[in-house]
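In what follows, a structure is listed as structure tokens, so that the remarks can point back to it.
Heavy atoms only: backbone and side chains are in, while hydrogens, waters and symmetry mates are out.
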Amino acid sequence: MFYGWWIVLASVVGLFLSIAPVVTFTLGVFLKPLSQEFNWNRAEISFAYTLCTLAGSAALPIIGRVVDRYGVRTVVAPSLLLFGACLTSLYFLSAHLWHLYAIYLAIGLVSSGSTPLPYARVISQWFDKKRGLALGLAMAGVGLGSFVMPSLAHALVTAGGWRTAYVCLGFLVIVIAVPTVGLLLKETPELLGLRPDGEAILPAGATEPQGQRMGLSCRDAWRTGAFWLLAVAFFLVSVATSGAIVHLIPLLTDRGVSAQSAAFASSLSGGTVLVGRVWAGHLLDRFFAPYVTIGFFLALTLGLLLLWSGASGSVAFVAAMFVGLGLGAEVDIIGYLVGRYFGLLAFGEIYGYLFAAFYLGAGVGPFLMGRGFDTTGSYSFVLGTFVVITLVASGLLSQLGPYRLWERIQPV
């Protein structure tokens, strides 16, 4: 089997236990227990996640530059180790709100090296013709983790309390993710005498094809309209998806849905993230990527519209699935579009800035949802706003032009 698929497997494991499934998708589980124990309101708790994403957004461009220069393995394993340690430290959380903020700031900083950025970088080195599928399968780790983690966190909180639950999640990261990525990740196929996609074996002494290093510098990418269209569109969509995901459980329990059923709805949303990842990857290799992306954005709009209309019961599960489907197409599509529009020369740094915009939106959305609820006693106004901004994001992506073809598949 082509070793690139082992890279995909390592990426799946690493992303299964990354910040999105373990923190973003479980925050709704911990929100009410933290509020009840420390008497913090939802906006105050959600702001911790906002700080987390601000820290991560600031670190991501730097991580991208480090990955471009020194490679993926030097970043991912230490990042996962520190991320697991930060989760475990929440066992000692005190009643001081600054303590929660400090830990979440640390989580944002240290986990930035184990976000999809480095995995997208290494997979783009290993795959060209099958890049969309490989990215989709790898990013499915986020979807799989997002399906499992809310229900797992709810079970852990029920069995041993929220402190024990955080310790268990931290141990999972350290014991499973760290050794897996440390053993399996390899930087490029050329290190093993291979070509991207496993099409042929390079002869002894052959060097990397020049086309694999072609592309724009990060500074040149900033000067293109495509960069800013992508940055704004994915920021807006991230605001909407993260706000809805993080507050989905309290939103549904406020409407009379049981805590267990609400946790299952969050898991269901994570499961459709998994479907969205794989499906998007399959479609990216066959159709124009901006059109594929718009289709998933519109699915997200439909899910938000259902939640805004007061969905409960079975309709709420359908809404959660559409929101998850929209979220499932974002991170891998960013990586795919970076490679096609800007090349691989500064892939990590360019991806870092675009993912920072996405990550920043992930912090703004939950805070807006919490603030909207604390101000009006309802999520309706914010959800209605989210419907509008996802439509704006779809319109922005429709303005992207054709790909700029940087990579040569055959060596020269």
Side-chain angles (χ1 to χ4, degrees), residues 7-8 10-24 52-83 107-127 131-132 134-143 145 173 177 181 185-188 215-216 218 221-222 227 230-231 234-235 238 242 277 281 327 329-363:
I7 302 296
V8 171
S11 302
V12 169
V13 175
L15 290 170
F16 178 87
L17 291 165
S18 64
I19 185 172
V22 177
V23 175
T24 304
C52 172
T53 58
L54 287 172
S57 298
L60 278 167
I62 300 171
I63 292 295
R65 187 175 301 177
V66 171
V67 166
D68 283 336
R69 181 169 297 183
Y70 300 107
V72 170
R73 294 183 63 185
T74 58
V75 173
V76 176
S79 171
L80 285 169
L81 181 62
L82 292 172
F83 173 48
I107 288 174
L109 286 172
V110 303
S111 67
S112 59
S114 52
T115 60
L117 187 160
Y119 301 107
R121 175 72 166 88
V122 71
I123 286 171
S124 294
Q125 295 281 11
W126 280 86
F127 293 91
R131 185 180 298 169
L135 283 169
L137 290 172
M139 302 304 163
V142 177
V173 174
V181 301
L185 280 186
K186 308 292 182 185
E187 298 294 336
T188 66
L216 296 178
C218 189
W222 289 346
F227 178 89
L230 291 171
F234 282 103
F235 169 79
S238 179
S242 298
R277 295 276 192 256
L327 179 61
E330 293 168 5
V331 178
D332 47 333
I333 287 181
I334 296 175
Y336 188 89
L337 291 172
V338 168
R340 295 310 183 202
Y341 281 99
F342 309 114
L344 299 182
L345 178 65
F347 180 98
E349 190 174 0
I350 296 170
Y351 187 101
Y353 278 105
L354 290 175
F355 193 65
F358 176 85
Y359 208 37
L360 183 62

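From Leu109, atom CG reaches atom CG of Leu54 across 10.5 Å, with rounding to the nearest 0.5 Å. Between the CH2 atom in Trp222 and the OH atom in Tyr353 there is a gap of 4.0 Å [rounded to 0.5 Å]. Considering CG of Leu15 and OG1 of Thr115, their distance stands at 8.0 Å, rounded to 0.5 Å.
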Quiz item: Checking side-chain contact (heavy atoms from CB on, under 4.5 Å) for the pair Phe83/Val23: CA distance, chi angles, key distance, verdict?
Solution: CA-CA 10 Å; Phe83 173 48; Val23 175; 3.8 Å; yes
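Annotation: side chain to side chain donor-acceptor pair (under 3.5 Å) contacts involving residues 12-24, sequence neighbours excluded, comprise Thr24-Tyr49. Applying the ring-ring contact (aromatic ring centres under 6.0 Å, His included) test to pairs two or more places apart or on separate chains, those with a residue in residues 107-126 are Phe2-Trp126, Tyr3-Trp126. Sorted by first and then second residue, the salt bridge (Lys or Arg N to Asp or Glu O under 4.0 Å) pairs involving residues 60-81 (not counting sequence neighbours) are Arg65-Glu349, Asp68-Arg121.
Not a single donor-acceptor pair under 3.5 Å links the side chain of Glu187 to the backbone N or O of Val122.
Closest of all the heavy-atom pairs between Cys218 and Ala346 is N-CB, 3.8 Å. Residue Gly14 comes nearest to Leu80 through the heavy atom pair O-CD2, 4.3 Å, listed as atom of the first residue, atom of the second, then distance. Nearest heavy atoms, Ile107 versus Cys52: CG2-SG, 4.0 Å. Pro21 and Gly145 get closest at one heavy-atom pair: CB-C, 3.4 Å. Here the shortest heavy-atom pairing between Gly352 and Leu117 reads CA-CD1, 3.2 Å. Shortest non-hydrogen contact noted between Ile19 and Ser111 is CD1-OG, 3.3 Å.
The side chain to side chain contact (heavy atoms under 4.5 Å, CB included) test applied to Ala120 returns Leu135, Met139, Phe347, Tyr351, not counting sequence neighbours. Phe235 is linked by a ring-ring contact (aromatic ring centres under 6.0 Å, His included) to nothing, counting only residues two or more places apart in sequence or in another chain. Take Phe358 and apply the side chain to side chain contact (heavy atoms under 4.5 Å, CB included) test, not counting sequence neighbours, and it matches Phe234, Ser238, Leu327, Glu330, Val331, Ile334, Phe355. Partners of Leu137 by side chain to side chain contact (heavy atoms under 4.5 Å, CB included), not counting sequence neighbours, listed by chain and number: Trp5, Val8, Leu133, Val278. Applying the side chain to side chain donor-acceptor pair (under 3.5 Å) test to Ser114 and every residue at least two apart in sequence or in another chain returns Ser79. Partners of Ala356 according to the side chain to side chain contact (heavy atoms under 4.5 Å, CB included) rule, which considers only residues two or more places apart in sequence or in another chain, are Ser57, Leu60, Pro61.
Using a 4.5 Å heavy-atom threshold, the side chains of Ile350 and Tyr341 count as separate. You'll find the side chain of Val75 reaches within 4.5 Å of the side chain of Ile63, heavy atoms only. Between Ile7 and Ile123 the shortest side-chain heavy-atom distance falls below 4.5 Å.
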